[in-house]
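Data first, discussion second: the structure below is written as structure tokens.
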Amino acid sequence: MSARPPHEAPRADSDAIDRLTIDSNDIVKEVAGPQDRNLVLLEELTGARIDPRGNEVAVAGADGARARAKDALAALTARAASGLPIEEIDVRAAAEGRAASPPKAHTDNLSSTGASSAGAEGARIIKTPKRAIGPRNAAQAAYLEALTQADLAFGVGPAGTGKTYLAVAHAVDLLLSGAVERVVLSRPAVEAGERIGFLPGDMKEKVDPYLRPLYDALHDMLHVDYVERRIAAGDIEIAPLAFMRGRTLARAAVILDEAQNATIAQTKMFLTRLGDGARMVLTGDPSQTDLPAGEASGLADALSLLKDVDRVTVSRFTTADVVRHPLVTRILEKYEAREAKGGRGA
């Protein structure tokens, strides 16, 4: 690892030092990050001093700071050992104790083998041709588990929590493993607060702008030419919600994104497309509907109506689970605080 500027010496009452060993150079590099930026951030978040020396990491500071830093390093080691990248949001989640698969016990030897096992016990990892995908916090880990267990799953919460991305990753995994024969991704074609008017082109060109986020998720996991071939073969279908009427979707992984923008009638229509061997996921944020004033959201209605139905799961996310830029969490918290006081909605 590259050298960093020297630290200030720890205070006299905080000079205890723990030494941890990570037995893989590749994992050490991933945990530390470029120019040790992950460790620098971890120091800021935990209050501990972290000094890497080859495969040994010295953690100094007060008891609480050392414990937080050691837990975070163990969680990051487990993530890296599972083949997952480590970004700023992962470091913050680990420092706050929200990482998806922290080891169950403290250890002074953070071996890559032990870390991988801990990750496997606590979180599901999806391997796609372009990247490994895993949960970044406990809420995402529970969501992935729910997707595995349920025939019908709801992912509900604010933007940036990974609801749709993980649902698409799960669908891709089912397709590549042969568990389903096709993937069907859908969205209501509702404009978000603005009128863009007439769109030129054929039907596909008219609706593609509404469906672009689903294409983006697929292209993040699968190579573009592969996606195009599977779309041409009918194995992957991306279509607006209106195209679902009259169909039975059997042996398919089916996702309705932005489901808060579907009416009650549209949601009932979509839910009843579920065929033999199919898995269905609805994602959205009931508080952010773009439906006309006075039109009830089908997502909110379905959540209330189906909450006690067997083999239906509801995974709820909060602003604490946002995995985009850290500023997004603070932005959402400000909006929510104003709305809670009866201020103007978003």
Side-chain angles (χ1 to χ4, degrees), residues 1-5 7 18-62 64-104 106-107 110-112 114-116 118-119 122-123 125 131-141 143-144 160-162 165-166 317-333:
M1 286 182 284
S2 58
R4 295 183 294 161
H7 296 76
D18 293 324
R19 300 186 185 280
L20 313 177
T21 301
I22 303 174
D23 67 2
S24 165
N25 287 332
D26 290 338
I27 292 178
V28 171
K29 292 177 182 177
E30 185 65 35
V31 169
Q35 288 77 52
D36 294 346
R37 67 184 181 193
N38 293 341
L39 299 183
V40 172
L41 176 58
L42 195 57
E43 287 182 325
E44 296 174 2
L45 296 172
T46 64
R49 170 177 168 172
I50 304 173
D51 287 316
R53 292 292 183 270
N55 281 21
E56 184 178 86
V57 181
V59 181
R66 292 201 325 277
R68 287 192 298 273
K70 289 170 63 180
D71 285 346
L73 286 168
L76 293 174
T77 300
R79 182 174 178 84
S82 297
L84 299 172
I86 295 176
E87 300 176 6
E88 179 181 342
I89 191 68
D90 304 308
V91 178
R92 291 184 179 276
E96 295 167 6
R98 296 186 293 107
S101 54
K104 294 182 178 181
H106 295 293
T107 176
L110 303 181
S111 69
S112 58
S116 182
I125 307 301
R131 68 186 69 253
I133 298 167
R136 288 194 144 126
N137 51 50
Q140 287 194 350
Y143 180 49
L144 274 176
T161 50
Y165 187 83
L166 291 178
F317 296 87
T318 69
T319 53
D321 303 313
V322 171
V323 293
R324 291 180 183 167
H325 192 286
L327 187 57
V328 174
T329 299
R330 295 193 284 274
I331 291 171
L332 288 170
E333 288 172 346

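With hydrogens and angles disregarded, a donor-acceptor distance shorter than 3.5 Å links the side chain of Asn38 to the backbone of Val31. A donor-acceptor pair is defined here as one N or O able to donate and one able to accept, closer than 3.5 Å; no such pair exists between the side chain of Ser82 and the backbone of Leu84. Side-chain atoms of Arg79 come within 3.5 Å of backbone atoms of Pro85 as a donor-acceptor pair (strictly under, hydrogens ignored). A donor-acceptor pair under 3.5 Å is absent between the side-chain atoms of Arg49 and the main chain of Gly61, judged by distance alone. Under the 3.5 Å distance criterion, the side-chain polar atoms of Asn55 are matched with a main-chain donor or acceptor of Ile22.
With sequence neighbours excluded, the residues that form a side chain to side chain contact (heavy atoms under 4.5 Å, CB included) with Ala139 are Asn137, Phe317, Asp321. Under the side chain to side chain donor-acceptor pair (under 3.5 Å) criterion, Arg92 pairs with Glu88, not counting sequence neighbours.
Side-chain contact between Val57 and Ile50 is present, with at least one heavy-atom pair separated by less than 4.5 Å. By the 4.5 Å heavy-atom criterion applied to side chains, Val28 and Pro52 are not counted as neighbours. Contact of the Thr319 side chain with the Ile331 side chain is not registered, since no non-hydrogen atoms from C-beta on lie closer than 4.5 Å.
Atom CG of Asp51 and atom CD of Glu43 lie 7.0 Å apart (nearest 0.5 Å).
Considering every non-hydrogen atom in both Ile133 and Leu166, the closest pair reads CG2-CD2, 3.9 Å.
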**OP:** Given side chain to side chain contact (heavy atoms under 4.5 Å, CB included), test Arg19 with Arg53 step by step and report yes or no.
**Re:** CA-CA 10 Å; Arg19 300 186 185 280; Arg53 292 292 183 270; over 6 Å; no
